Amino acid sequence: MTDAVTAHNLGKSYPGGVRALDGLSLTVRAGEVFGLLGPNGAGKSTTVKILTTLARPDSGTATVAGHDVLRHPDRVRRAIGVVAQRSGLDPMASGRDNLALQGRLFGVRGRALRSRVDDLLERFDLTGAAGRVVRGWSGGMQRRLDVAMALVHRPEVLFLDEPTTGLDPEVRGAMWAEIGRLATEESMAILLTTHYLDEADRLAARLAIVDGGRIVAEGTPAELKGELRGDAVHLELAKAADEPRARQAIGTVTRLREVSFDGRLVSARADDGAAAVPAALAALESAGVGVATVTVARPSLDDVYLRHAGRRFAA
Amino acid sequence: MTTLVSHTFWMTNRRLKVLVKQPAFVLILLVQPAIWLFLFGNLFRRVVELPHFGAASYLDYLVPGVVVMTAVSSNMWAGMGMLEEIERGTMNRLLTTPVARSAIMNAAVVEQALSTTVQVVAIILLGLVAGAEYPGGPAGLTVLTLAAILLGTIFSALSNTIGMLARQRETIIGINSMLLLPLTFLSSAFMAETLMPEWMRTVAAANPVNWALDAARAAMSTDPDGETVLIRGGWLLAAAVAMLLLSTRTFRAYQKSV
Ligand SMILES: Nc1ncnc2c1ncn2[C@@H]1O[C@H](COP(=O)(O)OP(=O)(O)OP(=O)(O)O)[C@@H](O)[C@H]1O
Ligand SMILES: [Mg+2]
C-alpha cells in the first residue's frame with residue numbers, strides 16, 4: 001500500500017524572513033495516526049497547510065494519498081479532510097447548513113447528503129443545536145462541528161491541527177474515542193498536531209517532534225521513551241533567584257546527568273532516581289538553596305520532548 | 001464546467017443566505033441611491049437650461065447617472081467581504097476543498113450583481129415616481145441594468161483583487177475614497193460631455209463609468225443607437241471578464257503568504 005503522506009525536505013519562508021520550515025521530512029503510513037508535536041512556532045501548522053494544498057512550499061516535495069501536492073492539488077483536495085487550527089465555520093449559517101454545503105462542494109448530494117449530515121450531527125452530539133446559527137455555539141461545539149465537516153465526504157487522509165485545544169476534559173475524551181475509532185474502524189490515515197503529550201501518547205502510533213522547522217525526533221512513543229536511559233528527576237526551586245547557586249551545587253552531584261534548567265525547574269536523568277535525589281537535596285541544602293518539590297518518574301513523552309526540543313513542554 | 005456552475009451556485013447561495021439575514025444592510029442599499037437622486041435632482045435641476053446641455057429634463061438625465069454611481073460605490077466594497085472570509089478562516093477551509101477557485105470569485109461578483117440589480121430597479125421606480133420619463137422603454141432600461149451590472153463587476157472584481165493582495169481594510173477604504181468622485185465626475189453622470197473641458201472629455205473616454213453611461217443613454221433615448229450600445233457594452237464586458245480573471249489569479253499570491 002502507498003504511504004498516506006510523504007514529505008521530503010520541505011522548506012518555506014514567509015515574507016519578512018521567517019523561516020517556518022527548514023528541510024522537514026516525514027511519512028505517514030496508510031491507516032496510521034501520526035502525531036506532530038512541537039513548541040509554538042515550530043512549523044506544525046505550516047506543514048499542515050502545505051500538505052493540504054493551502055500553502056506552497058519554497059522547496060521540497062510532498063504527496064498525499066499518492067498525489068503530488070504541487071502538481072495535482074485537486075486530487076489531493078478530493079482525498080483529504082482538514083481541521084485547521086483556526087475554525088473555518090460560516091458563523092452566520094446553521095450547523096446543518098455548514099455541513100451540507102461542505103458535502104456539496106465534494107459532490108455529495110440528495111438523500112446521501114442528508115443522511116450523512118444527520119449521521120455526523122448525531123455522532124458529534126450536535127443534533128440539538130443543528131438548526132441554530134453557529135455564531136451562538138460554544139467553542140467546544142464549534143470544534144466538534146469542525147471535525148464533522150472534515151469527515152462529510154469520507155476522506156482517505158485526515159489532517160487535525162490541534163483538534164482538542166480548548167475542549168473540556170470530557171469532550172476531549174469523547175474526541176479521542178472518535179479519532180481512535182476513525183483510525184481503527186474506517187482505517188483512515190490521520191496526521192494530528194497537538195500540544196498535549198498525553199494525547200499523542202494515547203492516539204499516535206508514531207510521532208515526530210518538530211522544532212525550528214525540522215523534525216528533531218521520530219518513532220513510536222515507546223521507541224522515543226526507550227531512547228532515554230534511566231529515571232527522570234525533576235526539582236522545583238523555591239526561588240528563581242537561586243538558579244545560579246543551584247547550577248553550581250547540582251553540578252557536583254555525579255549521579256545526575258543531562259541536567260537542564262528552565263526558570264525554577266531543574267530536570268535531569270539518573271540511573272537510580274531514588275539514590276540521586278538525596279544527594280541532590282543535600283548538595284542544594286549546603287548551598288543554601290530551598291527546594292519546593294521533587295519528583296522522580298519513569299521516562300515520559302514530556303522528557304522526550306524536553307530532550308529534543310531543548311525546553312520543557314508547557315501546554 | 002458543470003462543477004464550476006454548480007460550485008458558483010452553491011457559493012452564491014451561501015452568501016445570499018447571509019445577506020437576507022441583514023435587513024438593515026439591504027435597507028441602506030436602497031436608501032442611499034434615493035438620497036442621491038433627491039440631492040442631485042434638486043441641486044442641479046437648472047443645469048439643463050445651459051446652452052448645449054442637450055436634455056430637456058434633468059431628472060431624465062440624472063437617473064442613469066445615479067445608477068452608475070450606485071453601481072460603482074456599492075461594488076467597490078466587495079473586497080471587504082473577501083477580507084472577512086480570510087479573517088474568519090472560511091477562506092482557508094474553502095481552499096482545501098475541491099471548490100473551483102473561480103467559483104469563489106464568481107460568487108462574490110454574482111452576489112454583488114444581484115444587489116446591484118435590486119438597486120437599479122429601485123432607482124428606476126423612484127425616478128418614475130418623481131416624474132422621470134424613459135423614452136427608450138423596457139429595452140433601454142434593460143441595457144441600463146446590464147451596463148450597471150457589468151460596471152459593478154469591474155469594480156467588485158477590482159476590489160476583491162485589492163483585498164486579496166493588500167489584505168488590509170485601510171487600503172480598500174483609501175483607494176475607494178480616492179476613486180469614487182473622480183470616476184463619477186469624469187463621466188457624463190451629472191454633466192453633459194459637451195460642456196466638459198477638452199482634457200476631461202479625453203479622460204472620460206477611457207473611463208468605464210462613461211462607457212456604461214454611453215451605452216445606457218444610447219439605449220434609453222427616443223432614438224436608440226444600437227451601435228454605441230454594442231461597442232460600449234463590448235468594452236464593459238471585456239473589462240469585466242479581464243478583471244474577473246485577474247481576481248482569480250490572486251489565489252496564487254495568497255498561497256504564498258498564507
Ligand atoms: N501567514 C504567515 N505569515 C508570516 N509568518 C507566518 C505565517 N504563518 C506562520 N508564520 C510563522 O512561521 C513560523 C511557524 O508557524 P506555524 O504556525 O507553522 O507554527 P506551529 O508549530 O503551528 O505553532 P503553534 O503551536 O503556535 O500553532 C512561526 O514563526 C510563525 O510566526
Ligand atoms: Mg499551529
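Just so it is clear, the structure is predicted and the values come from calculations on it, not from any experiment. Note on naming: letters A, B, ... go to the chains in the order of the sequence lines (proteins, then strands), and numbering restarts at 1 for each one.
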Checklist entry - Are B:Leu236 and B:Leu151 close enough that some pair of their side-chain heavy atoms sits under 4.5 Å apart? => result yes

Checklist entry - Which heavy atom of B:Leu183 sits nearest a heavy atom of B:Asn207, and at what distance? => result O-ND2, 2.8 Å

Checklist entry - For A:Val133, is it the side chain, the backbone, both or neither that has a heavy atom under 4.5 Å from a heavy atom of chain B? => result side chain

Checklist entry - With a 4.5 angstrom heavy-atom cut-off, which part of B:Arg88 approaches chain A: side chain, backbone, both or neither? => result both

Checklist entry - Using a cut-off of under 4.5 Å for heavy-atom pairs, which of A:Thr53, A:Leu54, A:Val82 has the most such pairs with chain B? => result A:Leu54

Next on the checklist: Under 4.5 Å from any heavy atom of chain B, what part of A:Ala84 do you find: side chain, backbone, both or neither?
Outcome noted: neither

Checklist entry - Tell me, side chain or backbone of A:Arg86 under 4.5 Å from chain B's heavy atoms, or both, or neither? => result side chain

Checklist entry - Taking every heavy-atom pair that is under 4.5 Å apart, which of A:Val76, A:Asp97, A:Leu105, A:Asp146 has the most such pairs with chain B? => result A:Leu105

Checklist entry - Do you know which of A:His153, A:Arg104, A:Met149 has the most heavy-atom pairs under 4.5 Å to chain B? => result A:Arg104

Checklist entry - A:Asp118 and A:Arg96: salt bridge (charged side-chain N to carboxylate O under 4.0 Å, His left out), yes or no, with the steps? => result CA-CA 8 Å; A:Asp118 287 339; A:Arg96 189 179 292 280; 2.7 Å; yes

Checklist entry - Does B:Arg101 count as lying over the ring of B:Tyr254, i.e. NZ or CZ under 6.0 Å from the six-ring centre, within 45 degrees of the axis? => result no

Checklist entry - Side-chain contact, heavy-atom cut-off 4.5 Å: B:Asn106 with B:Leu4? => result yes

Checklist entry - With a 4.5 angstrom heavy-atom cut-off, which part of B:Ile86 approaches chain A: side chain, backbone, both or neither? => result backbone

Next on the checklist: Heavy-atom cut-off 4.5 Å, strictly under: side chain, backbone, both or neither for A:Pro91 against chain B?
Outcome noted: side chain

Item to check | Segment of A:Thr52 engaging chain B (4.5 angstrom heavy-atom cut-off) | outcome: both

Next on the checklist: What part of B:Arg15 gets within 4.5 angstrom of chain A, counting heavy atoms only: side chain, backbone, both, or neither?
Outcome noted: neither

Checklist entry - Does any heavy atom of chain B fall under 4.5 Å from the side chain of A:Leu89, the backbone, both, or neither of them? => result backbone

